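Worksheet for the structure shown next.
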Amino acid sequence: MGCIGPNSAGRHVTLEECRSVYTECGNGDELNITTTLGTFAYDPWCPCFDANGSNVHSAPLPLFSSEYANATAPAVVTPHPTTPSTCGPHSLCS
């Protein structure tokens, strides 16, 4: 998806919320793109994709199924501290 959350309610950003941020989404400039897999609708400059990888259609994302309905996005992600290694590419470390 083109949107990074959480939203103002502290939850993950929905497809509808993402598309409402970008005026390029759904503005009528959709193209049909043909690949070896078939012909697909594509909306240029719309970075919001559904569960099937379409930025035109609206297949629900599994994240928003009833299983995840009450999940909240973490406010802050803290990386694990790392210890600098003294092992180089040509040394034997155990």
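Everything numeric here is computed off the predicted structure, so don't read it as measured data.
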Atom pairs and distances, donor-acceptor, side-chain atoms in residues 28-36, under 3.5 Å, two or more places apart:
from, atom 1, to, atom 2, distance (Å)
Thr34, OG1, Thr39, OG1, 3.0
Thr35, OG1, Leu37, N, 3.0

Roughly how far, to the nearest 0.5 Å, is the SG atom of Cys18 from the CG atom of Asn7?
11.5 Å
Measuring from atom CD of Glu17 to atom NE2 of His12, what distance do you get when rounded to the nearest 0.5 angstrom?
11.5 Å
Is any side-chain heavy atom of Pro47 closer than 4.5 Å to a side-chain heavy atom of Cys25?
yes
At their closest point, which heavy atom of Ala51 faces which heavy atom of Pro62, and how far apart are they?
CB-CD, 4.0 Å
Give every residue pair that meets the side-chain hydrogen bond (donor to acceptor under 3.5 Å, both in side chains) criterion with at least one member in residues 40-59, sequence neighbours excluded.
Arg19-Ser58
